[in-house]
Amino acid sequence: MQQQELTRALVQYRVPDTKRSVFELTITVIPFFALWGAAWFALSLGVWVAIPLAILNAAFLVRLFIIMHDCGHGSFFKNRTVCNWTGRVLGVLVLTPYDVWRQSHAIHHASTGNLDRRGMGDIPTLTVEEYLKRKWVGRAAYRLIRNPFFLFCIVPVYTFFLQNRLPFGFMRSGWLYWASAMGTNAAIAVVLALIFWTGGLDVLVYVFLPTMIVAASIGIWLFYIQHQFEHTTWEREEEWNLQDAAFYGSSHYALPGILLWFSANIGVHHVHHLASRIPFYRLNEVLRDHSELENCQRITLYESLHCARLHLWDEKSQRLLTFSEALSNANSNRHLV
(Lines give C-alpha, C1' and ligand atoms only; values in the text may rest on other atoms or scores of the structure.)
Protein backbone atom coordinates (compact mmCIF):
# COMPACT_ATOMS: atom_id res chain seq x y z
CA MET A 1 0.00 0.00 0.00
CA GLN A 2 1.38 3.41 -0.98
CA GLN A 3 1.98 6.01 1.77
CA GLN A 4 -0.82 8.26 0.48
CA GLU A 5 -3.30 5.36 0.47
CA LEU A 6 -2.17 4.28 3.91
CA THR A 7 -2.52 7.81 5.25
CA ARG A 8 -6.11 7.93 3.99
CA ALA A 9 -6.83 4.52 5.51
CA LEU A 10 -5.57 5.72 8.90
CA VAL A 11 -8.04 8.61 9.11
CA GLN A 12 -10.67 6.36 10.73
CA TYR A 13 -8.42 5.86 13.80
CA ARG A 14 -8.03 9.56 14.54
CA VAL A 15 -11.17 9.92 16.68
CA PRO A 16 -10.30 9.76 20.40
CA ASP A 17 -12.55 8.04 22.92
CA THR A 18 -13.04 10.53 25.77
CA LYS A 19 -13.77 7.83 28.35
CA ARG A 20 -10.69 5.88 27.30
CA SER A 21 -8.55 9.01 27.42
CA VAL A 22 -9.73 9.83 30.94
CA PHE A 23 -9.12 6.21 31.96
CA GLU A 24 -5.58 6.19 30.54
CA LEU A 25 -4.79 9.49 32.25
CA THR A 26 -6.23 8.26 35.56
CA ILE A 27 -4.32 4.96 35.63
CA THR A 28 -1.12 6.89 35.02
CA VAL A 29 -1.57 9.89 37.32
CA ILE A 30 -2.80 7.96 40.39
CA PRO A 31 0.08 5.42 40.44
CA PHE A 32 2.54 8.27 39.79
CA PHE A 33 1.46 10.20 42.87
CA ALA A 34 1.06 7.01 44.91
CA LEU A 35 4.65 5.96 44.15
CA TRP A 36 5.79 9.50 44.81
CA GLY A 37 4.16 9.32 48.26
CA ALA A 38 5.59 5.85 48.87
CA ALA A 39 9.11 7.01 48.01
CA TRP A 40 8.65 10.05 50.25
CA PHE A 41 7.52 7.86 53.15
CA ALA A 42 10.33 5.37 52.44
CA LEU A 43 12.89 8.06 53.27
CA SER A 44 12.09 7.36 56.91
CA LEU A 45 13.28 3.79 56.32
CA GLY A 46 16.38 4.77 54.40
CA VAL A 47 17.61 6.48 51.25
CA TRP A 48 18.24 3.13 49.51
CA VAL A 49 14.60 2.20 49.94
CA ALA A 50 13.32 5.52 48.60
CA ILE A 51 15.59 5.81 45.53
CA PRO A 52 14.45 2.54 43.83
CA LEU A 53 10.82 3.62 44.24
CA ALA A 54 11.66 7.02 42.76
CA ILE A 55 13.41 5.37 39.82
CA LEU A 56 10.44 3.06 39.24
CA ASN A 57 8.20 6.12 39.21
CA ALA A 58 10.20 7.46 36.25
CA ALA A 59 8.32 4.96 34.07
CA PHE A 60 4.99 6.59 34.97
CA LEU A 61 6.49 10.03 34.33
CA VAL A 62 7.53 8.91 30.84
CA ARG A 63 3.96 7.81 30.23
CA LEU A 64 2.67 11.20 31.40
CA PHE A 65 5.04 12.89 28.97
CA ILE A 66 3.65 10.83 26.09
CA ILE A 67 0.10 11.74 27.11
CA MET A 68 1.22 15.38 27.01
CA HIS A 69 2.69 14.59 23.59
CA ASP A 70 -0.71 13.36 22.38
CA CYS A 71 -2.32 16.51 23.75
CA GLY A 72 0.17 18.52 21.67
CA HIS A 73 -1.05 16.74 18.55
CA GLY A 74 -4.68 17.35 19.52
CA SER A 75 -5.26 13.61 19.59
CA PHE A 76 -5.98 12.87 23.25
CA PHE A 77 -9.33 14.65 23.62
CA LYS A 78 -11.80 15.78 20.97
CA ASN A 79 -11.82 19.30 22.43
CA ARG A 80 -8.61 21.15 21.56
CA THR A 81 -8.89 23.47 24.57
CA VAL A 82 -9.11 20.49 26.93
CA CYS A 83 -6.09 18.97 25.18
CA ASN A 84 -4.06 22.14 25.58
CA TRP A 85 -4.82 22.71 29.26
CA THR A 86 -4.24 19.06 30.08
CA GLY A 87 -0.92 19.35 28.26
CA ARG A 88 0.02 22.52 30.16
CA VAL A 89 -0.66 20.90 33.54
CA LEU A 90 1.28 17.78 32.59
CA GLY A 91 4.05 20.03 31.29
CA VAL A 92 4.68 21.18 34.86
CA LEU A 93 5.08 17.57 36.02
CA VAL A 94 7.50 16.74 33.18
CA LEU A 95 9.40 20.07 33.37
CA THR A 96 8.40 21.05 29.85
CA PRO A 97 6.72 24.31 28.72
CA TYR A 98 3.88 22.80 26.73
CA ASP A 99 3.31 25.50 24.10
CA VAL A 100 7.02 25.85 23.36
CA TRP A 101 7.44 22.08 23.08
CA ARG A 102 4.30 21.74 20.92
CA GLN A 103 5.65 24.21 18.36
CA SER A 104 9.16 22.71 18.23
CA HIS A 105 7.66 19.23 17.94
CA ALA A 106 5.43 20.38 15.08
CA ILE A 107 8.57 21.61 13.29
CA HIS A 108 10.16 18.21 13.90
CA HIS A 109 7.19 16.47 12.25
CA ALA A 110 7.22 18.89 9.32
CA SER A 111 10.95 18.53 8.61
CA THR A 112 11.87 15.01 9.73
CA GLY A 113 14.47 13.39 7.49
CA ASN A 114 15.25 16.63 5.65
CA LEU A 115 19.00 17.24 5.57
CA ASP A 116 18.51 20.89 4.68
CA ARG A 117 16.18 21.57 7.62
CA ARG A 118 18.02 20.00 10.54
CA GLY A 119 18.38 21.63 13.94
CA MET A 120 14.94 21.91 15.52
CA GLY A 121 13.58 19.06 17.62
CA ASP A 122 16.00 16.42 16.36
CA ILE A 123 19.22 14.65 17.37
CA PRO A 124 22.27 16.45 15.88
CA THR A 125 23.27 14.36 12.85
CA LEU A 126 26.06 14.98 10.34
CA THR A 127 26.62 13.33 7.01
CA VAL A 128 29.90 11.50 6.43
CA GLU A 129 31.02 14.24 4.02
CA GLU A 130 30.21 17.02 6.51
CA TYR A 131 32.12 15.21 9.26
CA LEU A 132 35.21 14.62 7.12
CA LYS A 133 35.31 18.30 6.10
CA ARG A 134 35.48 19.41 9.74
CA LYS A 135 38.76 20.20 11.44
CA TRP A 136 39.83 18.02 14.37
CA VAL A 137 38.12 20.33 16.87
CA GLY A 138 34.80 20.06 15.04
CA ARG A 139 35.12 16.30 14.80
CA ALA A 140 35.94 16.02 18.50
CA ALA A 141 32.92 18.17 19.39
CA TYR A 142 30.62 16.02 17.28
CA ARG A 143 32.05 12.83 18.78
CA LEU A 144 31.36 14.25 22.24
CA ILE A 145 27.78 15.15 21.33
CA ARG A 146 27.14 11.65 19.92
CA ASN A 147 28.86 9.83 22.79
CA PRO A 148 26.21 7.62 24.46
CA PHE A 149 27.10 8.80 27.97
CA PHE A 150 26.87 12.44 26.93
CA LEU A 151 23.74 11.90 24.84
CA PHE A 152 21.74 9.85 27.35
CA CYS A 153 23.06 11.21 30.66
CA ILE A 154 24.19 14.83 30.17
CA VAL A 155 21.80 15.94 27.41
CA PRO A 156 18.63 14.86 29.30
CA VAL A 157 19.65 16.91 32.36
CA TYR A 158 20.52 19.91 30.20
CA THR A 159 17.29 19.64 28.16
CA PHE A 160 14.80 19.31 30.99
CA PHE A 161 16.51 21.33 33.71
CA LEU A 162 18.07 24.15 31.68
CA GLN A 163 16.98 24.38 28.04
CA ASN A 164 13.29 24.00 28.85
CA ARG A 165 13.45 26.97 31.19
CA LEU A 166 13.76 29.48 28.32
CA PRO A 167 12.09 29.38 24.89
CA PHE A 168 15.33 28.93 22.91
CA GLY A 169 14.61 29.14 19.19
CA PHE A 170 11.43 31.14 19.78
CA MET A 171 12.85 34.26 21.43
CA ARG A 172 11.26 36.56 18.82
CA SER A 173 8.24 34.45 17.97
CA GLY A 174 5.69 36.13 20.25
CA TRP A 175 4.46 36.30 23.82
CA LEU A 176 2.82 32.85 23.87
CA TYR A 177 6.15 31.01 24.09
CA TRP A 178 7.45 33.32 26.81
CA ALA A 179 4.18 32.95 28.73
CA SER A 180 4.41 29.18 28.36
CA ALA A 181 8.02 29.01 29.56
CA MET A 182 7.68 31.51 32.38
CA GLY A 183 4.29 30.17 33.51
CA THR A 184 5.66 26.64 33.62
CA ASN A 185 8.76 27.83 35.47
CA ALA A 186 6.62 29.62 38.05
CA ALA A 187 4.43 26.55 38.60
CA ILE A 188 7.51 24.32 38.94
CA ALA A 189 9.00 26.77 41.46
CA VAL A 190 5.81 26.62 43.54
CA VAL A 191 5.81 22.81 43.48
CA LEU A 192 9.48 22.64 44.49
CA ALA A 193 8.95 25.19 47.25
CA LEU A 194 6.04 23.15 48.65
CA ILE A 195 8.09 19.95 48.52
CA PHE A 196 10.99 21.64 50.30
CA TRP A 197 8.71 23.24 52.89
CA THR A 198 6.85 20.05 53.73
CA GLY A 199 9.57 17.43 53.20
CA GLY A 200 12.90 19.18 53.19
CA LEU A 201 15.92 18.87 50.94
CA ASP A 202 16.05 15.06 51.20
CA VAL A 203 12.78 14.70 49.27
CA LEU A 204 14.10 16.88 46.46
CA VAL A 205 17.43 15.07 46.27
CA TYR A 206 16.34 11.45 46.79
CA VAL A 207 12.80 11.42 45.37
CA PHE A 208 12.33 14.29 42.92
CA LEU A 209 15.73 14.23 41.20
CA PRO A 210 16.04 10.45 40.59
CA THR A 211 12.55 10.32 39.08
CA MET A 212 13.15 13.30 36.82
CA ILE A 213 16.66 12.38 35.69
CA VAL A 214 15.87 8.74 34.90
CA ALA A 215 12.65 9.70 33.08
CA ALA A 216 14.55 12.33 31.07
CA SER A 217 17.19 9.80 30.04
CA ILE A 218 14.55 7.26 28.99
CA GLY A 219 12.76 9.97 27.04
CA ILE A 220 15.89 10.98 25.11
CA TRP A 221 16.64 7.30 24.38
CA LEU A 222 13.13 6.72 23.02
CA PHE A 223 13.35 9.82 20.84
CA TYR A 224 16.78 8.72 19.61
CA ILE A 225 15.74 5.21 18.63
CA GLN A 226 12.66 6.49 16.82
CA HIS A 227 14.78 8.06 14.07
CA GLN A 228 18.41 7.01 14.58
CA PHE A 229 18.55 3.50 13.16
CA GLU A 230 20.64 2.03 10.35
CA HIS A 231 18.10 2.11 7.52
CA THR A 232 16.32 5.33 8.41
CA THR A 233 16.08 7.97 5.69
CA TRP A 234 17.53 11.44 5.15
CA GLU A 235 17.23 13.39 1.90
CA ARG A 236 18.12 16.80 0.55
CA GLU A 237 15.26 19.25 0.06
CA GLU A 238 14.89 18.58 -3.68
CA GLU A 239 14.51 14.81 -3.11
CA TRP A 240 12.65 14.97 0.20
CA ASN A 241 9.04 13.82 0.48
CA LEU A 242 7.20 14.34 3.78
CA GLN A 243 5.17 11.13 3.76
CA ASP A 244 8.09 8.92 2.75
CA ALA A 245 10.32 10.57 5.35
CA ALA A 246 7.62 10.22 8.01
CA PHE A 247 7.14 6.52 7.36
CA TYR A 248 10.58 5.23 6.37
CA GLY A 249 12.46 7.59 8.67
CA SER A 250 10.61 6.39 11.78
CA SER A 251 11.08 3.06 13.49
CA HIS A 252 8.74 0.47 14.92
CA TYR A 253 10.32 -0.11 18.32
CA ALA A 254 8.88 -3.51 19.23
CA LEU A 255 9.20 -3.45 23.02
CA PRO A 256 8.05 -6.14 25.47
CA GLY A 257 4.48 -5.70 26.76
CA ILE A 258 5.16 -3.88 30.03
CA LEU A 259 7.63 -1.48 28.39
CA LEU A 260 5.14 -0.93 25.57
CA TRP A 261 2.55 0.10 28.18
CA PHE A 262 4.86 2.47 30.02
CA SER A 263 6.00 4.03 26.74
CA ALA A 264 2.37 4.40 25.62
CA ASN A 265 2.97 2.79 22.20
CA ILE A 266 5.30 5.61 21.17
CA GLY A 267 7.45 2.91 19.58
CA VAL A 268 4.83 2.53 16.83
CA HIS A 269 6.45 5.65 15.50
CA HIS A 270 6.22 4.96 11.78
CA VAL A 271 2.43 5.00 12.10
CA HIS A 272 2.48 8.00 14.42
CA HIS A 273 4.45 10.12 11.93
CA LEU A 274 2.10 9.20 9.13
CA ALA A 275 -0.99 10.04 11.20
CA SER A 276 -0.07 12.05 14.29
CA ARG A 277 -3.72 12.62 15.26
CA ILE A 278 -4.19 8.97 16.25
CA PRO A 279 -4.36 8.58 20.07
CA PHE A 280 -1.60 6.35 21.41
CA TYR A 281 -4.09 3.75 22.65
CA ARG A 282 -5.40 3.22 19.10
CA LEU A 283 -2.02 2.54 17.50
CA ASN A 284 -2.32 -1.16 18.36
CA GLU A 285 -5.59 -1.21 16.42
CA VAL A 286 -3.70 0.02 13.37
CA LEU A 287 -1.14 -2.79 13.64
CA ARG A 288 -3.93 -5.31 14.15
CA ASP A 289 -5.88 -4.15 11.10
CA HIS A 290 -2.83 -3.53 8.89
CA SER A 291 -0.51 -6.42 9.65
CA GLU A 292 1.89 -5.37 6.89
CA LEU A 293 3.02 -2.53 9.17
CA GLU A 294 4.17 -4.88 11.93
CA ASN A 295 7.57 -5.59 10.37
CA CYS A 296 8.24 -2.21 8.77
CA GLN A 297 11.37 -0.63 10.29
CA ARG A 298 10.99 -3.09 13.17
CA ILE A 299 13.65 -2.90 15.88
CA THR A 300 13.72 -5.13 18.95
CA LEU A 301 15.01 -4.03 22.34
CA TYR A 302 18.22 -6.02 21.78
CA GLU A 303 18.74 -4.68 18.27
CA SER A 304 18.23 -1.11 19.48
CA LEU A 305 21.40 -1.28 21.58
CA HIS A 306 23.46 -1.36 18.37
CA CYS A 307 21.85 1.89 17.24
CA ALA A 308 23.70 3.80 19.96
CA ARG A 309 26.89 3.19 17.94
CA LEU A 310 25.50 4.77 14.74
CA HIS A 311 26.55 8.37 14.22
CA LEU A 312 26.98 9.48 10.59
CA TRP A 313 24.60 9.48 7.64
CA ASP A 314 26.10 8.16 4.42
CA GLU A 315 24.29 9.77 1.50
CA LYS A 316 25.74 7.22 -0.93
CA SER A 317 24.70 3.99 0.78
CA GLN A 318 21.66 5.60 2.45
CA ARG A 319 22.63 4.17 5.84
CA LEU A 320 23.52 5.47 9.26
CA LEU A 321 27.10 4.36 9.97
CA THR A 322 29.44 4.05 12.92
CA PHE A 323 32.48 6.35 12.98
CA SER A 324 34.76 3.40 12.18
CA GLU A 325 32.64 2.32 9.19
CA ALA A 326 32.56 5.86 7.82
CA LEU A 327 36.33 6.33 8.18
CA SER A 328 37.05 2.88 6.74
CA ASN A 329 34.89 3.64 3.68
CA ALA A 330 36.59 7.02 3.26
CA ASN A 331 40.04 5.44 3.38
CA SER A 332 39.01 2.76 0.86
CA ASN A 333 37.75 5.41 -1.53
CA ARG A 334 41.06 7.30 -1.28
CA HIS A 335 42.99 4.18 -2.24
CA LEU A 336 40.73 3.68 -5.26
CA VAL A 337 41.36 7.20 -6.56
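Every heavy atom of this structure was used, including side-chain atoms; hydrogens, water molecules and symmetry mates were not.
With rounding to the nearest 0.5 angstrom, the CG atom of Leu293 is 6.5 Å from the CG atom of Leu287. Atom SG of Cys83 sits about 11.5 Å away from atom CD1 of Ile67, to the nearest 0.5 Å. To the nearest 0.5 Å, atoms CG (Leu162) and CG (Leu95) are separated by 11.0 Å. Rounding to the nearest 0.5 Å places CG of Leu10 at 9.5 Å from CG of Leu283. Here Asp244 contributes atom CG and Leu274 contributes atom CG; the two are 9.0 Å apart, rounded to the nearest 0.5 Å.
Within a 6.0 Å sphere centred on CH2 of Trp261, other residues, nucleotides and ligands contribute more than 12 heavy atoms. Other residues, nucleotides and ligands contribute only 12 or fewer heavy atoms inside 6.0 Å of the CZ atom of Phe196. Heavy atoms from other residues, nucleotides or ligands lying under 6.0 Å from CZ of Arg172 number 12 at most. In this structure, Phe41 places its CZ atom where only 12 or fewer heavy-atom neighbours from other residues, nucleotides or ligands lie under 6.0 Å away. Heavy-atom neighbours of Tyr206 OH from other residues, nucleotides or ligands within 6.0 Å: at or below the threshold of 12.
In this structure the side chain of Asp122 never reaches within 4.5 angstrom of the side chain of Thr112, judged on heavy atoms. By the 4.5 Å heavy-atom criterion applied to side chains, Asn84 and Cys71 are not counted as neighbours. In this structure, the side chains of Ile213 and Phe160 stay at 4.5 Å or more apart for every pair of heavy atoms. In this structure, Thr300 and Arg298 have side chains that are in contact, with non-hydrogen atoms separated by less than 4.5 Å.
If you look at His108 and His273, their ring centroids are closer than 6.0 Å. Remark: aromatic rings of Phe170 and Tyr177 are close, center separation under 6.0 Å.
For Ser304, the side chain to side chain donor-acceptor pair (under 3.5 Å) criterion is met by Tyr253, not counting sequence neighbours. Partners of Glu24 according to the side chain to side chain donor-acceptor pair (under 3.5 Å) rule, which considers only residues two or more places apart in sequence or in another chain, are Arg20, Arg63. Partners of Asn185 under the side chain to side chain donor-acceptor pair (under 3.5 Å) rule, at least two apart in sequence or in another chain, are Arg165. For Ser324, the side chain to side chain donor-acceptor pair (under 3.5 Å) criterion is met by Thr322, not counting sequence neighbours.
Both Ile27 and Phe77 belong to a common hydrophobic cluster when Ile, Leu, Val, Met, Phe, Trp and Tyr are linked at side-chain heavy-atom distances under 4.5 angstrom. The same ILVMFWY cluster, assembled from side-chain heavy atoms under 4.5 Å apart, contains both Trp221 and Ile154. Both Ile188 and Val207 sit in one connected hydrophobic cluster of ILVMFWY residues. Membership requires side-chain heavy atoms under 4.5 Å apart, directly or through other members. The cluster map of Ile, Leu, Val, Met, Phe, Trp and Tyr, joined by side-chain heavy atoms under 4.5 Å apart, puts Ile225 and Tyr302 in different clusters. Val15 and Ile278 fall into different hydrophobic clusters, defined by Ile, Leu, Val, Met, Phe, Trp and Tyr side-chain heavy atoms under 4.5 Å apart, directly or through other members.
No side-chain donor-acceptor contact under 3.5 Å links Arg282 and Gln12. Of the N and O atoms on the side chains of Asn114 and Glu235, not one donor lies less than 3.5 Å from an acceptor on the other residue. No hydrogens or angles considered: nothing links the side chains of Tyr281 and Asn265 as a donor-acceptor pair under 3.5 Å. Looking at Tyr13 and Asp289, their side chains do bring a donor and an acceptor atom within 3.5 Å of each other. Looking only at atom types and distance, the side chain of Ser250 has no donor-acceptor partner in the side chain of Gln297 under 3.5 Å away.
Ser75 and Pro16 make their closest contact through O-CB, 3.4 Å (heavy atoms, listed as atom of the first residue, atom of the second, distance). The two residues Ala42 and Leu53 make their nearest non-hydrogen contact at CB-CD1, 3.9 Å. Contact record, Ala326 with Leu312: CB-CD1, 3.6 Å, taken as the closest heavy-atom pair. The heavy-atom pair separating Ala39 from Ala50 by the smallest distance is O-CB, 3.3 Å. Looking at every heavy atom in both residues, Trp40 comes nearest to Thr198 through CH2-OG1, 3.2 Å. Summarising the geometry of Pro52 relative to Val47, their closest heavy-atom pair is CD-O, 4.4 Å, with the distance given to 0.1 Å.
Looking only at distances, no side-chain donor or acceptor of Asp70 sits under 3.5 Å from a matching main-chain atom of Phe76. A side-chain donor-acceptor contact under 3.5 Å links Arg118 to the backbone of Thr125. Remark: the backbone N or O of Arg309 is paired with a side-chain donor or acceptor of His311 at under 3.5 angstrom. Of the possible polar contacts, none joining the Gln228 side chain to the Tyr224 backbone as a donor-acceptor pair under 3.5 Å is found. When atom types are taken as modelled, the side chain of Arg14 and the backbone of Ala275 share no donor-acceptor pair closer than 3.5 angstrom. Between the side chain of Thr159 and the backbone N or O of Val155 there is at least one donor-acceptor pair closer than 3.5 Å. Not one N or O on the side chain of Thr232 forms a donor-acceptor pair closer than 3.5 Å with the backbone of Phe229. Remark: the backbone N or O of Phe60 is not paired with any side-chain donor or acceptor of Thr28 at under 3.5 angstrom. Remark: the backbone N or O of Val94 is paired with a side-chain donor or acceptor of Thr96 at under 3.5 angstrom. Using a distance-only test at 3.5 Å, with no hydrogens or angles considered, no donor-acceptor pair links the side chain of Tyr131 to the main chain of Leu327.
A cation-pi arrangement is found for Arg117 relative to Trp240, the charged atom lying closer than 6.0 Å to the ring centre and inside a 45° cone about the ring normal.
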task = Run the numbers on His269 and His252 for side-chain hydrogen bond (donor to acceptor under 3.5 Å, both in side chains), then give the verdict.
result = CA-CA 6 Å; His269 214 63; His252 174 203; over 6 Å; no
inquiry  = One pair to check against salt bridge (Lys or Arg N to Asp or Glu O under 4.0 Å): Lys133 and Glu129. What are the steps and the verdict?
reply    = CA-CA 6 Å; Lys133 285 181 177 178; Glu129 184 178 0; 3.2 Å; yes
request  = Please lay out, stage by stage, how Arg236 and Glu315 fare under the test salt bridge (Lys or Arg N to Asp or Glu O under 4.0 Å).
outcome  = CA-CA 9 Å; Arg236 295 293 176 182; Glu315 293 184 80; 3.2 Å; yes
message = Set out, in order, the CA-CA distance, both residues' side-chain angles and the distance that settles side-chain hydrogen bond (donor to acceptor under 3.5 Å, both in side chains) for Ser317 and Asp314, then state yes or no.
response = CA-CA 6 Å; Ser317 66; Asp314 184 8; 2.8 Å; yes
Evaluation steps, side-chain hydrogen bond (donor to acceptor under 3.5 Å, both in side chains), between Ser180 and Arg88 = CA-CA 8 Å; Ser180 176; Arg88 289 175 184 128; over 6 Å; no
key: Verdict with supporting geometry, His272 and His109, ring-ring contact (aromatic ring centres under 6.0 Å, His included)   = CA-CA 10 Å; His272 168 67; His109 269 259; 4.9 Å; yes
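Ring planes of Trp36 and Phe32: tilted class, angle from 30 to 60°.
In this structure, Trp197 belongs to a hydrophobic cluster whose other members, linked by side-chain heavy atoms under 4.5 Å apart, are Val190, Leu194. The hydrophobic cluster around Leu115 extends to Trp234, Leu310, Trp313, Leu320, counting ILVMFWY residues whose side-chain heavy atoms fall within less than 4.5 Å of a member.
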